[in-house]
Amino acid sequence: MQKTARRTPSWLKPDLLGKVFFIAFFVYLFFGFMLLPCLNTITQIFTVRTASGEIDPFAVIRFFFAGNMPKFVFNSLKLAVCLVITVNVVGISIVLLTEYFDIKGARVLRLGYMTTMIYSGVALVTGYLFLYDSDGILTTWLANCLPSLNKNWFSGFNAVLFTMTFACTSNHMLFLRNAIRGIDYNTVEAARNMGAKPFTVLRKVVLPTLLPTLFSLTVMTFITGLCAMSAPTLLGYDSINPEIVRLAGSSVADEAFPQARAALLSIILALFTILLLSVLSAYERKGHYLSVSKTKAKLVKQKITNPIANVLAHIYAYVLFVIYMTPVVMIVLFAFQNYPAIRSKTLDVHNWTLINFFGTQDYEFMTTRGKLKTRTGAISGLFSNADTVGGIRLSFVMSAIAAALACVIVVVAVNYIFSHRNKKSATVLEYSLLFPWLLPTILICYSYRTFFNSESVWYVLGNNLYMRENVRFLIVMAYTVVKIPFALRMIKAAFYGIDEELEDAARNLGAKKLLTFVRVKLPIIMPSVLAVFALNFNALFTEYDMSATFHSSYGKSYAMVIQNMCAEEGRDGYNVNASGRRCASTVFIMVVSGIILYLVYGVGARDLGERLEAKERRRRRMAKIRNALPGHKKKDADKPAPGS
């Protein structure tokens, strides 16, 4: 009698076990690191105790109207409204100057306008401070020419608005540029044939087709201004986010219920963000369609026929180019100048040095008693200073882990969403992953800081995640949660490009769902996943807002190190060349960001034909180099490679 093979219980199958594990992990992630901390923040507002020990649910709200908290809300709203105007004016104009109008040197101008994509946040703000601060380069030069100039002119609202206006146009260069390049030239040509002037065509034909993109950019610019952190903090402007961080580090002994006030400001930010995103979603659901010809024509740049308008357009384009490029050029130049040259804000070829990047030097100075003292290694380079190297290492590891974790979670989640697209569970999963997009970053981080700063949190087995080295895990989780919505939208778009027939063929060949996913789907979406990982890493590596909220000696990220460099420069003969090291740090950030953006939008954006063509060009170039070397026989460099 033959024995029948024992069948594996259905609950032990790998697919089912993997699904159960993912659902359990996601539920834990959503409730523990998205929902519960935010609910805890809300309860803080209504559980404030008075001096007699009684709970007063409206104490914070009364304090809000009686104190100076409305000032911070008004200042943030003022900045957001003004940014919408200035950023759209500058952003639309630089896209039109480089993509729509025929401006001489448009390629060079485009590179200048896109410099904000390779350095942003605290690095960009410190770059502008290096130029326009009271002892900045341009301020010092202007003060020498105009002795009556107020050296403290670059501070407060005007400085924040100026800095953020040029910092926030990178979205226009990414999204509006793509939108305007997708315009059908046949519609423009038809309007021109009917006698319409160039600016009339622009106003009545081109701009209306860009309204959906402009509306999205306007909403995102408003949210950016409302939730601004690095520029108001460094430039001395009283807005919501810096006040939340200040209150989070305060205590009851310093002022009345600071934690509850910080929670209320966070909730106010969240309500504004939810309202704006709801308006944006409602606008997008209406649908926007443009009737074009069946054969779409590539947009041809329009010449400005009026000579005066043409000259003014060129002047305006190059003035903007100078504004964009001056911080970059000056930072790069002064990164290779020694400490005396940086301190006096003078450029001299004889002061050329690499000390801001590598090596150390001793520093001699006079004490208050008039004695000459030498501080060993007080002048140190970016890669020779323990603080900067530690900040780079910590930010690199945390950013890489968070970017990778966000991609893994989203890839698995989107695969489930597409496999169960007609089920409610898939819809619930998708909206849950988009939940962090409804909340300001500062609210998520503040909620983490208060919720996990206790040993009574049962959700993490009674561990205080804000204590000592544990704060690094908390920062990684905050990084991950904040980047999940962006990863979801990008990777979900990649899944739409998968041909369903490939999955059906794999299933007909007997492949299980897990094997089909690993062998068929994952290789197809991997370029998009790597691009999302690179962009998330690029943004997190120099992130400032979350780092400031979690700031401690154990979680000192690279952005916080950059900020603290000049605050301690030269104190008691220590950390002498902090300004030079800050310039070197900005150059390092620009190099890293530039490489990542090139890999994503340069090499990564090429199709197969373009990659083969580039490979062939490299082969021919190498063949010419080899043929030029002595001792090598001449070969036909133009002969195509086998199989090309």
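The shown structure was predicted, so the numbers you read here are calculated from the model rather than taken from an experiment. We count residues from 1, following the sequence as given.
Here the CD1 atom belonging to Ile342 is positioned 9.5 Å from the CZ atom belonging to Arg582, to the nearest 0.5 angstrom. Between the OG atom in Ser557 and the CD1 atom in Ile392 there is a gap of 11.5 Å [rounded to 0.5 Å]. Atom CG in Leu382 sits 9.5 Å away from atom OG1 in Thr586 (nearest 0.5 Å). A distance of 5.5 Å separates OG1 in Thr273 from CD1 in Ile223, rounded to the nearest 0.5 Å. Taken from CG in Leu226 to CG in Asn241, the straight-line distance is 8.0 Å, to the nearest 0.5 Å. In this structure, CE in Met229 is found 11.0 Å from OG1 in Thr441, a value given to the nearest 0.5 Å.
Of all non-hydrogen atoms in Val87 and Met164, the two that sit nearest each other are CG2-O, 4.1 Å. Considering all non-hydrogen atoms of both residues, Ala478 and Phe550 come closest at CB-CE1, 3.7 Å. The minimum heavy-atom distance linking Asn536 with Ala487 is given by the pair ND2-CB, 4.2 Å. The heavy-atom pair separating Ser155 from Asn152 by the smallest distance is OG-O, 3.2 Å. Taking each heavy atom of Ala539 and Lys483 in turn, the nearest pair found is CB-NZ, 3.6 Å. Taking all atoms of both residues into account, the shortest heavy-atom contact from Thr116 to Phe166 is CG2-O, 3.1 Å.
Taking the six-membered ring wherever Trp is involved, the centroid distance between the rings of Phe588 and Phe357 does not fall below 6.0 Å. For an aromatic pair to be called close, the ring centres must be under 6.0 Å apart, and Phe396 with Phe537 satisfies this.
A heavy-atom distance below 4.5 Å is not found between the side chains of Cys227 and Ile442. Counting heavy atoms from C-beta outward, Leu176 and Glu99 have side chains that stay 4.5 Å or more apart. Two residues are said to be in side-chain contact when any heavy atoms from C-beta on lie closer than 4.5 Å; Ile137 and Trp141 meet this criterion. Put simply, the side chain of Asn310 does not reach to within 4.5 Å of the side chain of Lys303, judged on heavy atoms. Side-chain contact between Leu97 and Tyr113 is present, with heavy atoms from C-beta onward closer than 4.5 Å. Taking 4.5 Å as the limit, every side-chain heavy atom of Phe72 sits out of range of all side-chain heavy atoms of Ser239. Side-chain contact between Lys151 and Thr140 is absent, with no heavy atoms from C-beta onward closer than 4.5 Å. With contacts defined as side-chain heavy-atom distances shorter than 4.5 Å, the pair Leu540/Met398 does not qualify.
Residues Thr218 and Asn88 bring a donor and an acceptor atom of their side chains to less than 3.5 Å of each other.
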### Task
In sequence, state the C-alpha distance, the side-chain angles, and the governing distance for Asp133 and Thr139, and then conclude on side-chain contact (heavy atoms from CB on, under 4.5 Å).
CA-CA 7 Å; Asp133 201 11; Thr139 301; 5.9 Å; no
### Query
What do the steps show when you test Tyr558 against Ile589 for side-chain contact (heavy atoms from CB on, under 4.5 Å), and what is the final call?
CA-CA 10 Å; Tyr558 189 27; Ile589 290 171; 3.7 Å; yes
#### Entry: side-chain contact (heavy atoms from CB on, under 4.5 Å) evaluation trace for Thr86 with Leu83
CA-CA 5 Å; Thr86 57; Leu83 270 182; 4.0 Å; yes
### Task
Starting from the C-alpha separation in whole Å, work towards a yes-or-no answer on side-chain contact (heavy atoms from CB on, under 4.5 Å) for Ile244 and Leu269.
CA-CA 11 Å; Ile244 292 174; Leu269 268 185; 4.2 Å; yes
### Task
Take Phe222 and Phe272, measure what ring-ring contact (aromatic ring centres under 6.0 Å, His included) needs, and give me the verdict at the end.
CA-CA 10 Å; Phe222 190 92; Phe272 276 118; 7.4 Å; no
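Phe157 carries Lys78 over the face of its six-membered ring, with the cationic atom under 6.0 Å from the centre and within 45° of the normal.
At distances below 3.5 Å, not a single donor-acceptor pair connects side-chain atoms of Ser380 with backbone N or O atoms of Thr360. In this structure, Thr115 contributes its side chain and Gly112 its backbone to a donor-acceptor pair below 3.5 Å. Ser76 places no side-chain N or O within 3.5 Å of a backbone atom of Val73 that could act as its donor or acceptor partner. A donor-acceptor distance shorter than 3.5 angstrom exists from the side chain of Arg110 to the backbone of Thr98, with no hydrogens or angles considered. In this structure, the side chain of Ser593 does not engage the main chain of Met590 through any donor-acceptor pair within 3.5 Å. Using modelled atom types, one side-chain atom of Asn75 and one backbone atom of Asp238 make a donor-acceptor pair closer than 3.5 Å. Between the side chain of Asn158 and the main chain of Phe154, no donor-acceptor pair closer than 3.5 Å is present. With hydrogens and angles disregarded, a donor-acceptor distance shorter than 3.5 Å links the side chain of Glu543 to the backbone of Met546. Listed for the Ser93 side chain is a donor-acceptor partner under 3.5 Å among the backbone atoms of Val90. In this structure, Ser384 contributes its side chain and Gly359 its backbone to a donor-acceptor pair below 3.5 Å.
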Indicate every side-chain donor-acceptor pair of residues 317-336 with a distance under 3.5 Å to a residue at least two apart or in another chain.
residue: Tyr318; atom: OH; partner: Lys104; partner atom: O; Å: 2.6
residue: Tyr324; atom: OH; partner: Thr169; partner atom: OG1; Å: 2.7
residue: Thr326; atom: OG1; partner: Val322; partner atom: O; Å: 2.4

